[in-house]
Every structure is written in C-alpha cells, then in structure tokens.
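Everything on this sheet refers to the single structure shown next.
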Amino acid sequence: MICSYIALGSNLDDPLSHIIAGLQGIQQLPETTLEAVSGLYSTPPLGPEGQQNYLNAVVQINTSLSPLTLLDALQSIEQQQGRQRLVRWGPRTLDLDILLYGNQVINHDRLVVPHAEMTNRSFVLLPLADIAEDLVLPSGTTVRQLATVADQSGITRLPTHLMTLIAAPHKQSPYN
C-alpha cells in the first residue's frame with residue numbers, strides 16, 4: 001500500500017455537499033483506505049475574479065491503485081459531481097488533486113507528483129499540516145516549515161468535522 005495525499009476543493013453549488021461526496025467517493029475506492037481527514041478551510045479563490053470562496057481539505061489514503069488508476073478514479077468522482085473544465089483555475093463543483101504518492105516523483109503528461117504548485121498554496125499546506133505536519137516532502141522540506149510561512153490572509157479553519165459528516169449513509173459508488 002502506498003500512502004498518498006489528496007486535496008479537495010469546491011466553490012460551486014453547495015460546496016460542502018460536494019466535499020462530502022468527494023470524501024465518500026474516496027472512501028469507496030477499491031484497494032484504498034481513508035486514513036486521515038484534515039479540517040475544513042474557507043479560502044479565497046485563486047484565478048479569475050468574481051468567484052466565491054472555496055472550501056478546501058486534504059485526506060491521507062493508503063492505496064494499491066497505480067498513480068494513473070487513482071487519477072482516473074478521482075476524475076470519475078469529480079465528474080459525478082458535475083465537474084467541468086472550462087476555465088483554468090475557474091470555479092468548480094469538485095476538484096480532487098493528488099498531492100503526493102508515496103515519495104515518488106512522477107512527471108507524466110497527465111500527472112505531476114508532487115503536485116506542481118502545492119508548496120505555494122496555503123489552501124493545500126494548511127489542511128495538509130493538520131494531518132501530516134512532520135511529513136518530509138521530496139524537496140527535503142517539512143510540511144510544517146512551509147505551512148508556518150504560508151500566507152493565511154482570508155483563510156478560516158471552519159468548525160466542521162468532516163469525519164462525522166461522512167460517517168452517515170451515502171450513495172452507492174461505481175467502485176464497489
């Protein structure tokens with residue numbers, strides 16, 4: 001099993017529901033166990049102006065899925081939530097990004113791991129620090145070191161406990 005970290009984000013059409021559906025979809029992936037869920041953060045949008053704030057979180061999973069099979073599964077979950085890729089960094093119902101896949105460095109035309117921008121994005125670093133602050137990235141830097149200096153302007157950690165919300169009965173996944 002490979003330890004992997006997945007970022008979740010949403011800012012359209014009831015973002016909390018999309019985050020919960022994303023977590024439930026991840027929970028139901030074959031050969032995968034959900035190990036940890038960060039706090040939920042409200043964060044300013046990155047990209048085109050006029051967007052609503054995002055809800056962001058990060059999860060830790062252990063999986064036997066290959067990186068590209070995991071990517072395909074995550075994109076399927078996004079599509080189930082109505083994800084459309086119309087504008088770069090534009091609003092979205094659900095965004096699921098593979099941040100890390102073990103300590104592998106992957107440069108594929110469909111997938112770059114570690115995620116190319118993760119060390120520059122507070123909306124990734126702060127939730128990741130919730131669950132893995134001592135994690136050493138392939139660069140040799142710890143998540144804690146990066147999160148400590150991350151710009152936290154406009155970012156709020158919400159009191160929502162995501163693990164409680166996903167424990168409720170949920171829809172059938174195509175991955176069962």
Side-chain angles (χ1 to χ4, degrees), residues 1-46 51-63 65 70-71 73-83 91-102 113-115 117-119 121-135 137 142-144 146-148 150-176:
M1 298 285 266
I2 300 287
C3 178
S4 183
Y5 293 88
I6 312 296
L8 299 91
S10 176
N11 75 335
L12 286 178
D13 305 331
D14 190 7
L16 181 58
S17 291
H18 292 298
I19 295 288
I20 292 168
L23 289 168
Q24 290 170 337
I26 291 168
Q27 224 175 7
Q28 295 176 19
L29 291 175
E31 304 173 43
T32 303
T33 57
L34 181 63
E35 298 295 328
V37 179
S38 74
L40 183 67
Y41 289 78
S42 173
T43 65
L46 177 70
Q51 296 185 60
Q52 297 176 11
N53 274 7
Y54 276 80
L55 292 182
N56 292 100
V58 171
V59 298
Q60 176 191 348
I61 62 171
N62 284 331
T63 188
L65 299 177
L70 178 59
L71 176 65
L74 295 174
Q75 289 179 341
S76 178
I77 294 167
E78 289 177 340
Q79 289 176 341
Q80 290 171 32
Q81 296 306 305
R83 171 75 190 266
R92 55 205 60 193
T93 53
L94 183 63
D95 188 25
L96 301 173
D97 288 332
I98 301 171
L99 301 174
L100 297 163
Y101 187 86
V113 174
H115 189 282
E117 292 294 322
M118 72 176 274
T119 59
R121 295 184 172 165
S122 300
F123 61 84
V124 169
L125 293 171
L126 297 175
L128 182 57
D130 281 354
I131 58 175
E133 68 180 1
D134 294 324
L135 179 68
L137 302 177
T142 67
V143 171
R144 179 188 328 213
L146 293 170
T148 300
D151 179 5
Q152 299 184 30
S153 303
I155 297 177
T156 305
R157 188 174 198 277
L158 302 174
T160 306
H161 297 283
L162 290 171
M163 285 300 286
T164 304
L165 296 176
I166 63 172
H170 46 273
K171 298 184 260 184
Q172 190 71 13
S173 168
Y175 298 106
N176 288 338

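Every heavy atom of this structure was used, including side-chain atoms; hydrogens, water molecules and symmetry mates were not. Nothing fancy with the numbering, it's 1 onward along the sequence.
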Check: [Y] main-chain N/O paired with [X] side-chain donor or acceptor under 3.5 Å:
X: Asn11; Y: Arg92; result: yes
X: His161; Y: Met163; result: no
X: Ser42; Y: Thr156; result: no
X: Ser10; Y: Thr93; result: yes

Checking side chain to side chain contact (heavy atoms under 4.5 Å, CB included) for the pair Leu71/Gln75: CA distance, chi angles, key distance, verdict?
CA-CA 6 Å; Leu71 176 65; Gln75 289 179 341; 3.7 Å; yes

Measure the spacing between [atom1] of [X] and [atom2] of [Y] and express it to the nearest 0.5 Å.
X: Ile2; Y: Leu100; atom1: CD1; atom2: CG; result: 12.0 Å
X: Leu34; Y: Thr32; atom1: CG; atom2: OG1; result: 10.0 Å
X: Leu126; Y: Asp151; atom1: CG; atom2: CG; result: 9.5 Å
X: Asp134; Y: Arg144; atom1: CG; atom2: CZ; result: 4.0 Å
X: Tyr54; Y: Leu8; atom1: OH; atom2: CG; result: 13.0 Å
X: Leu125; Y: Leu99; atom1: CG; atom2: CG; result: 9.0 Å

Closest contact, heavy atoms only, [X] versus [Y]:
X: Tyr101; Y: Thr63; result: CE1-CG2, 4.1 Å
X: Leu94; Y: Glu78; result: O-CG, 3.6 Å
X: Asn53; Y: Pro45; result: OD1-CD, 3.5 Å
X: Pro127; Y: Gly39; result: CB-O, 4.4 Å
X: Ala150; Y: Ser122; result: CB-OG, 3.4 Å
X: Val124; Y: Ala7; result: CG2-CB, 4.5 Å

Under a 4.5 Å cut-off applied to non-hydrogen side-chain atoms, are [X] and [Y] in contact?
X: Gln60; Y: Cys3; value: yes
X: Asn56; Y: Ile155; value: no
X: Ser38; Y: Leu128; value: no
X: Leu137; Y: Leu146; value: yes
X: Val37; Y: Ile131; value: no
X: Ile20; Y: Gln24; value: yes
X: Leu162; Y: Leu16; value: yes
X: Leu29; Y: Ile77; value: yes

For [X], which residues count as a side-chain hydrogen bond (donor to acceptor under 3.5 Å, both in side chains) partner, sequence neighbours excluded?
X: Tyr5; result: none
X: Ser4; result: none
X: Thr119; result: none
X: Asp13; result: none

Set of residues satisfying side-chain contact (heavy atoms from CB on, under 4.5 Å) with respect to [X], sequence neighbours excluded:
X: Glu31; result: Ser64, Leu65
X: Thr33; result: Met1, Glu35, Asn62
X: Ser17; result: Asp14
X: Arg157; result: Tyr41, Asp130

Sole candidate of Leu74, Asp97, Leu23 that passes side chain to side chain contact (heavy atoms under 4.5 Å, CB included) when paired with Ile6:
Leu74

Under the side chain to side chain contact (heavy atoms under 4.5 Å, CB included) criterion, do Leu158 and Leu55 qualify, and how do the steps go?
CA-CA 9 Å; Leu158 302 174; Leu55 292 182; 3.5 Å; yes

